[in-house]
There are 2 protein chains.
Amino acid sequence: MLIEEIINGILPLPPLARQRLEACVTEVAYAKGHILLQANKVERAMYFIKKGIVRAYSEYGDNEITFWFGKEGDPVLSMKSYVAKDRGYEDIELLEDCALYEIQTSQLEQLFGEDIHIANWGRRLAEKELMKTEERFISRQCRTATERYKELIQESPHLLQRVQLGHIASYLGITQVSLSRIRAEIR
Amino acid sequence: MLIEEIINGILPLPPLARQRLEACVTEVAYAKGHILLQANKVERAMYFIKKGIVRAYSEYGDNEITFWFGKEGDPVLSMKSYVAKDRGYEDIELLEDCALYEIQTSQLEQLFGEDIHIANWGRRLAEKELMKTEERFISRQCRTATERYKELIQESPHLLQRVQLGHIASYLGITQVSLSRIRAEIR
DNA sequence: GGTAAAATTTTACAAATGATAAAAATTATC
DNA sequence: GATAATTTTTATCATTTGTAAAATTTTACC
């Protein structure tokens, strides 16, 4: 996926603003298993996924809890680092070899202060992420695990092909055993 | 709470920008029980709470599910309406007589296009809301109902004085009966 | 292709939560 | 302040989900 598409997908920018933003972007690539962002660290870069799939998870007691998957075009950042300049909750692990667009948040912040189009682009980015988080929150609050699994199949069928079920289970907020049960019932 | 404090609490604005923003604000007051924002409607206003307490809830099947409380200083808006110009999920009900600051989102959007400080203020608003939603999401994912209840007592002890337990229970994602059990165990 | 490792499913049992109904306590109203 | 209405607690039983361990399937690697 091209950075231009990703940027304009958030908020279409006039050519000059887009050039300024794109000038901050560098391409990087890491192998499957690489930890892109670390929990308990103030991260100074954010990414967009050009190619590949990643997950965000937290260690909690013995087991890790996956709470987000990112795919092509998605932004990857520690919100806690990005917004509050504080240590993040999550590790972000590459589930496939990935190509990424990298931006230093310090550069981005400078542009936010200089270019009103980019400031509104950044606003839009946060707003869209907020919508997604809210939707998942409400889905979690209102629907049963079975409904959430069916919803996931509907909306992200590709994910099931690319991610192992243990991660999916913890993403849905249930154990792998529960997910197995649900899958058996549906069949 | 003064609108000036609320605005500067999100992002301190230079005097001119703050004046422009405050010029959009009107004060309104409604009685306990009033529905400020309606589910399944594209809402065109947002609010900040000057005085009082509100809740956001969705009807789901027979029962309603409360998923947010707002108190003095908090923004009140349907994210779906504000961000996507789409019908919101939630009703927002006043749990006490409230004094509110009202802003038409159309006016706000115009300012976002005209004033870079206000654009960055809007970015900050979305970012902070995102952080809050994310924290609650993670708390929900990682902690038991009992832990979440204790967390709530710690962080918002006032809420328990002002809101009935049925709403608190559904906010915590459990039934009122479960919450009663938890309260009995803790004592 | 065979072996080891990892992932997934299945099973049995335990713990947590939900549903329902009824009792107790609190709050609102006249 | 008495009565009704609402809210909260308690009790019982059913259902869901979790834990642990074993069985099966899939994947990775030599």
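Chain identifiers are assigned alphabetically (A, B, ...) following the order of the sequence lines, protein sequences preceding nucleic acid strands; residue numbering begins at 1 within each chain.
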A/Ala184 has its side chain closest, among D/dT10, C/dT10, C/dA7, to C/dT10

Can you tell me if the side-chain N/O atoms of B/Arg183 get under 4.0 Å from OP1 or OP2 in D/dT8?
no

Electrostatic pair A/Lys50-A/Glu72, nearest N-O below 4.0 angstrom
no

Can a salt bridge be assigned to the pair A/Glu185 and A/Arg181 using a cut-off of 4.0 Å between side-chain N and carboxylate O?
no

Tell me the interatomic distance from [X], atom [atom1], to [N], atom [atom2], rounded to whole angstroms.
{"X": "B/Lys32", "N": "C/dA28", "atom1": "NZ", "atom2": "C1'", "result": "10 Å"}
{"X": "A/Gln164", "N": "D/dT26", "atom1": "CD", "atom2": "P", "result": "15 Å"}
{"X": "A/Tyr149", "N": "C/dT8", "atom1": "OH", "atom2": "P", "result": "11 Å"}
{"X": "A/Leu165", "N": "C/dA6", "atom1": "CG", "atom2": "P", "result": "17 Å"}
{"X": "A/Glu185", "N": "C/dT11", "atom1": "CD", "atom2": "P", "result": "13 Å"}
{"X": "A/Gln176", "N": "C/dT10", "atom1": "CD", "atom2": "P", "result": "12 Å"}
{"X": "B/Arg162", "N": "C/dT27", "atom1": "CZ", "atom2": "C1'", "result": "18 Å"}
{"X": "A/Gln161", "N": "C/dT8", "atom1": "CD", "atom2": "C1'", "result": "15 Å"}

Item to complete: Answer yes or no: is there a side-chain heavy-atom contact under 4.5 Å between A/Lys32 and A/Leu94?
Response: no

Would A/Arg124 count as a cation-pi partner of B/Phe112, with NZ or CZ less than 6.0 Å from the six-membered ring centre and within 45° of the ring normal? no

Kindly indicate whether a cation-pi arrangement holds for B/Arg55 with B/Tyr57, taking the cut-offs as under 6.0 Å to the six-membered ring centre and within 45° of the axis. yes

Between the CZ atom in B/Phe67 and the CZ atom in A/Phe137, the distance rounded to the nearest 0.5 Å is 8.0 Å

Report, one pair per line, the protein and nucleotides 13-20 of chain D atoms (nitrogen or oxygen only) whose separation is under 3.5 Å.
unit_1, atom_1, unit_2, atom_2, d
D/dG18, OP2, A/Thr175, N, 3.3
D/dG18, OP2, A/Thr175, OG1, 3.2
D/dG18, OP2, A/Ser178, OG, 2.6
D/dG18, N7, A/Arg181, NH2, 2.7
D/dG18, O6, A/Arg181, NH1, 3.1

